[in-house]
Amino acid sequence: MEAPLIREAHLLEQGIQALRDLLGQEWQVTQRPNKTKVFDASLEVKAEGDSVLTQMLVEATQAVAPRFVMDQLVPKAQLLREVHHYTNLLVIAPWISSQARELLRQNGIAYLDLTGNVDIRVPRPAIIIHTVGAQKAPRSAPREASRTTLAGVKAGRLVRLLADVPPPHRATDLHRTSTLSLPYVSRLLDTLEDQLLIRREGRIITDVDWAQLLRARARETSLLSHGSYRGFLAPNGVPALLQQIAQLPKAYDGGLAAIDGLSVTGSYAAQRFVQIAVGGQLMLYVASWLNVDDAADELGLLPVAEGADVLLLNEPDSFVRRRSEFVDGVQYVAPSQAALDCLAGPGRMPAEGEALLDFMEAYPDEWRASENDVWARPVQH
């Protein structure tokens, strides 16, 4: 029981010192006796030589989940404002996610994490500090031992199901459709609920914030991770290559690349629905039952170290092709997969992903599963 207290004390010490460094030598940050024990520390902050001060009550915590913000921190902040208008709540943590930071800002709660994400706004005396630190959790950031993250292939399956199929859902339905283990599905759903990405009534998922879910998944992955792709040059250009793909055999045949083993993703998949730029690299998922070199040879692609206009990506999981669609004889991944890949891609691709999300929010019937879709699993109440 002693170890967590030592870690919390060290976190508090580092956070207070970081606050002093941000304010500079002309400000005084004094730690007062913490009589109530409801908060982890009580600070008085004032400019040197000035009688006006503000009190900050500190909540030092190892992790700041969005649900923790709404269920625990917001009620505390509201109570503080009712009791004393000039008392402020300051959250100190090793790292705070972008979603949690946004919720803290919306509710007027100051925060400081040890990577440099800081937002402190005090009207009297006037203090405004806003800095940006790590956008992804550092490896040193503590995680709950049992917490399942949105990283990895298995999480990608569940994210696609939750995004594509409107609720309601049960964990057992998701388990059967995804073929993931029920304990894993249950653990990941707990994580998503903590992050306010899903809402449940009892055991039934009643609401999914699918746009934020796709963004959260993209932050935990990288489309072009090391060793996951190869770069090529299409001698006759990308449009001619797409026409060539449309003429490929319909099934795998003695080393030939089958049309349903190649799936367009990234910019070209997004441009079916939105267009903020023209062209870009053509990215093709290559099914696990196809050899990348054989596919490249069949398409007449030339391997290059730089300046590739075609990327062949090793398919991480067959689910990336679920709900894909053929257009003019070429297979394109579903909009949700295209959005995920763009958001997790380099260069201008995240902007294309955001534009595609805007389209998806405006026209949900264009891409979400219907009642007759094989992914749609009715929930028995």
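Seen from the ring of Phe39, Lys76 counts as a face-on cation partner, given the 6.0 Å and 45° thresholds.
Between Gln55 and Ser42, the side chains place a donor N or O and an acceptor N or O closer than 3.5 Å (distance only, hydrogens not considered). The closest side-chain donor-acceptor pair between Gln106 and Glu102 falls under 3.5 angstrom. There is a side-chain donor-acceptor pair under 3.5 Å between Gln331 and Ser263. In summary, the side chains of Asn88 and Thr54 do present a donor paired with an acceptor at a separation below 3.5 Å, with no hydrogens or angles considered.
Residue Leu73 holds its CG atom at 5.5 Å from CD of Glu59, rounded to the nearest 0.5 Å. Taking CE of Met56 as the start and CD1 of Ile92 as the end, the distance is 9.5 Å to the nearest 0.5 Å. With rounding to the nearest 0.5 Å, the separation of CG in Leu282 from CG in Asp309 is 8.0 Å. Taken to the nearest 0.5 Å, the CG atom of Asp119 stands 6.0 Å off from the CZ atom of Arg105. With values rounded to the nearest 0.5 angstrom, Asp194 atom CG is found 11.0 Å from Leu189 atom CG. The distance from the CZ atom of Arg322 to the OG1 atom of Thr177 is 8.0 Å, given to the nearest 0.5 Å.
Residues Leu302 and Leu299 do not share a hydrophobic cluster, defined by chaining ILVMFWY side chains whose heavy atoms lie under 4.5 Å apart. Hydrophobic cluster membership differs between Ile128 and Ile109, with clusters built from Ile, Leu, Val, Met, Phe, Trp and Tyr side chains linked at under 4.5 angstrom. In this structure, Val45 is a member of the same hydrophobic cluster as Leu90, with clusters built from ILVMFWY side-chain heavy atoms closer than 4.5 Å. In the hydrophobic clustering of ILVMFWY residues, with side-chain heavy atoms under 4.5 Å counting as a link, Val122 and Leu53 come out apart. Hydrophobic cluster membership differs between Leu214 and Leu223, with clusters built from Ile, Leu, Val, Met, Phe, Trp and Tyr side chains linked at under 4.5 angstrom.
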(request) In sequence, state the C-alpha distance, the side-chain angles, and the governing distance for Val91 and Leu104, and then conclude on side-chain contact (heavy atoms from CB on, under 4.5 Å). (result) CA-CA 9 Å; Val91 179; Leu104 291 168; 4.3 Å; yes
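Pairs of residues two or more places apart, or lying in two chains, that qualify as side-chain hydrogen bond (donor to acceptor under 3.5 Å, both in side chains) and include a residue from residues 268-283 are Arg272-Glu325. For the ring pair (Phe, Tyr, Trp, His ring centres under 6.0 Å) condition, the pairs that include at least one residue of residues 324-363, sequence neighbours left out, are Phe273-Phe359, Phe359-Tyr363. Within the structure, every pair that satisfies the ring pair (Phe, Tyr, Trp, His ring centres under 6.0 Å) test and touches residues 178-213, not counting sequence neighbours, is listed here: Trp210-Trp367.
Other members of a hydrophobic cluster containing Ile276 are absent, since no ILVMFWY side chain comes under 4.5 Å of it, directly or through relayed contacts.
The two residues Ser267 and Glu352 come nearest to each other via the heavy atoms OG-OE1, 2.6 Å. Closest approach of Ala151 to Arg217, counting heavy atoms only: C-NH1, 3.6 Å. Between Pro94 and Thr61, the closest heavy-atom pair is CD-O, 3.4 Å.
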Side chains of residues 230-239: which donor-acceptor partners sit under 3.5 Å, not counting sequence neighbours?
residue, atom, partner, partner atom, Å
Arg230, NH1, Asp293, OD1, 2.9
Arg230, NH2, Asp293, OD1, 3.0

Determine all donor-acceptor pairs shorter than 3.5 Å in which one atom belongs to a side chain in residues 336-347; sequence neighbours excluded.
residue, atom, partner, partner atom, Å
Ser336, OG, Arg160, NE, 2.8
Ser336, OG, Asp164, OD1, 2.6
Ser336, OG, Asp164, OD2, 3.3
Gln337, OE1, Arg160, NH1, 3.1
Gln337, NE2, Asp341, OD1, 3.1
Gln337, NE2, Asp341, OD2, 3.4
Asp341, OD1, Tyr285, OH, 3.1
Asp341, OD2, Thr265, OG1, 2.6
Asp341, OD2, Tyr285, OH, 3.0

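For the pair Lys46 and Asp50, the salt-bridge criterion is not met [side-chain N within less than 4.0 Å of a carboxylate O]. The pair Asp209-Arg215 fails the salt-bridge criterion, with no side-chain N (NZ, NE, NH1 or NH2) lying under 4.0 Å from an Asp/Glu carboxylate O. A salt bridge does not link Asp365 with Arg368: every distance from a Lys NZ or Arg NE/NH1/NH2 to an Asp or Glu carboxylate oxygen is 4.0 Å or more. Between Arg199 and Glu193 there is no salt bridge, since none of the side-chain N atoms of the basic residue sits less than 4.0 Å from a carboxylate O of the acidic one.
In this structure a side-chain-to-backbone donor-acceptor pair under 3.5 Å is missing from Arg121 to Gly108.
Counting non-hydrogen atoms of neighbouring residues, nucleotides and ligands closer than 6.0 angstrom, the CD atom of Glu361 exceeds 12 such neighbours. Other residues, nucleotides and ligands contribute only 12 or fewer heavy atoms inside 6.0 Å of the CG atom of Asp328. For Arg203, the CZ atom sits in a loose shell: 12 or fewer heavy atoms of surrounding residues, nucleotides or ligands are nearer than 6.0 Å.
Of the listed residues (Val185, Asp317, Val320), just one forms a side-chain contact (heavy atoms from CB on, under 4.5 Å) with Arg157, and that residue is Asp317.
Between Leu43 and Ile16, the closest side-chain pair of non-hydrogen atoms falls below 4.5 Å.
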